[in-house]
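Below, all heavy atoms of this structure are taken into account, side chains as well, without hydrogens, waters or symmetry copies. Whatever order the structure lists ligands and atoms in, that order sets their numbers, starting from 1.
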Amino acid sequence: MTTDATTVADMLQRARSMGVERLDAQQLLAHVLARPRSWLAAHEDAEIDGALSAALAASLVRCAAGEPLAYVLGEQEFHGLVLRVNADVLVPRPDTEALVDWALELLAGALAPVVNPRVVDLGTGSGAIALAVRHAHPDASVLATDISAAALEVARANATRLGLPVSMLAGSWWGAAPRDRRFHLALSNPPYVAGDDPHLAALRHEPMLALTPGGDGLAALRQIVGGAAEHLEPGGWLLLEHGHDQAEAVRALLREHDFSAIETRRDLGGRLRCTGGRN
Ligand code: GLN
């Protein structure tokens with residue numbers, strides 16, 4: 001690895017020769033040089049000093065090996081918040097913003113009469129959903145749970161850094177929620193990819209625990225829906241993210257458990273991505 005001074009154009013060329021996607025390479029360069037991405041095109045001849053170019057070269061190696069850019073950068077934007085992430089947590093996806101938008105709509109609509117609504121995010125990972133809800137709705141009292149201690153550490157650090165008070169508890173799905181507290185709104189983006197989904201190979205850098213429960217991919221969704229009645233306020237809502245082909249299965253689960261007002265929403269890509277209903 002050379003540490004000689006190199007230019008923006010050299011570095012983008014090197015990224016291309018390593019098979020790193022152009023947009024990823026640009027974002028990486030922009031991040032390391034602390035410039036907007038638009039600056040790069042106008043400054044292809046700008047020199048990058050030795051230490052920075054060595055760091056960039058090392059980051060390009062990680063990108064070329066298929067690691068998500070968010071891990072390489074150590075951060076990911078989600079619903080207007082910059083979250084720190086590492087390989088202990090799923091990279092927050094723009095798809096999941098649809099779940100947050102729906103939650104905020106309910107808090108401003110059907111749940112608006114509730115003063116200090118209690119919200120829980122089951123399987124919070126980086127804290128993305130819980131923190132985005134608390135950020136947009138400071139009136140809500142938000143609990144985030146995760147079975148992974150390492151993930152909770154990431155979520156706690158994000159909460160502290162963003163100055164967003166969210167309680168965090170360790171445990172599996174409803175197992176982490178206090179028995180003496182009922183919620184007005186429960187949210188979850190659980191693992192839902194089927195165990196034999198070939199798509200998992202491309203996601204190998206992310207925690208498998210957060211991606212798939214094995215089997216048909218529905219085990220975690222079943223547990224969450226099955227336990228909801230004991231933990232939701234009467235009239236409380238449950239909103240779930242799921243696979244693009246699981247909407248009907250999740251709607252059936254909600255019907256089986258006597259939910260009403262069952263609805264499915266699409267993600268930014270137009271796929272059926274979230275289903276929810278009222279207890
Ligand atoms: N939407 C993710 C993907 O397929 C999976 C997230 C999840 O299982 N919760 O890339």
Looking only at protein heavy atoms, what sits closest to atom 1 (N) of ligand 1 is Tyr192 OH, 2.8 Å

Self-check item: Thr212 side-chain N/O to Met208 backbone N/O, donor-acceptor pair under 3.5 Å
Solution: no

Within 4.0 Å of some non-hydrogen atom of Ala210, the atoms of ligand 1 are 7 (C), 8 (O), 9 (N)

Taking both backbone and side-chain atoms of Leu203, is any N or O found less than 3.5 Å from an N or O belonging to ligand 1?
no

Please determine if Pro190 has a nitrogen or oxygen closer than 3.5 Å to a nitrogen or oxygen of ligand 1.
yes

Of Val85, Thr96, Val91, the one forming a side-chain contact (heavy atoms from CB on, under 4.5 Å) with Phe78 is Thr96

Sequence neighbours excluded, the answer for salt bridge (charged side-chain N to carboxylate O under 4.0 Å, His left out) partners of Arg265 is Glu105, Glu263

for atom 10 (O) of ligand 1, nearest protein heavy atom and its distance come out as Arg93 NH2, 3.0 Å

Output for pair (Leu56 CG, Met11 CE), nearest 0.5 Å, gives 4.5 Å

Quick one: does Asn158's side chain have a donor or acceptor within less than 3.5 Å of a partner on Arg84's backbone? yes

message: Between Glu230 and Trp174, is the side chain to side chain contact (heavy atoms under 4.5 Å, CB included) condition met? List the steps.
response: CA-CA 9 Å; Glu230 270 179 66; Trp174 292 112; over 6 Å; no

- Query: Asn189: heavy atom below 4.0 Å from ligand 1, yes or no?
  - Reply: yes

Residue set satisfying side chain to side chain donor-acceptor pair (under 3.5 Å) with Glu77, at least two apart, ordered chain then number -> none

Note to self: What I want to know is whether Asp95 and ligand 1 share at least one N or O pair that is separated by under 3.5 angstrom.
What the structure shows: no

The closest protein heavy-atom partner of atom 8 (O) of ligand 1 is Leu211 O, 3.2 Å

Atom 4 (O) of ligand 1: closest protein heavy atom, distance to 0.1 Å, is His199 NE2, 3.2 Å

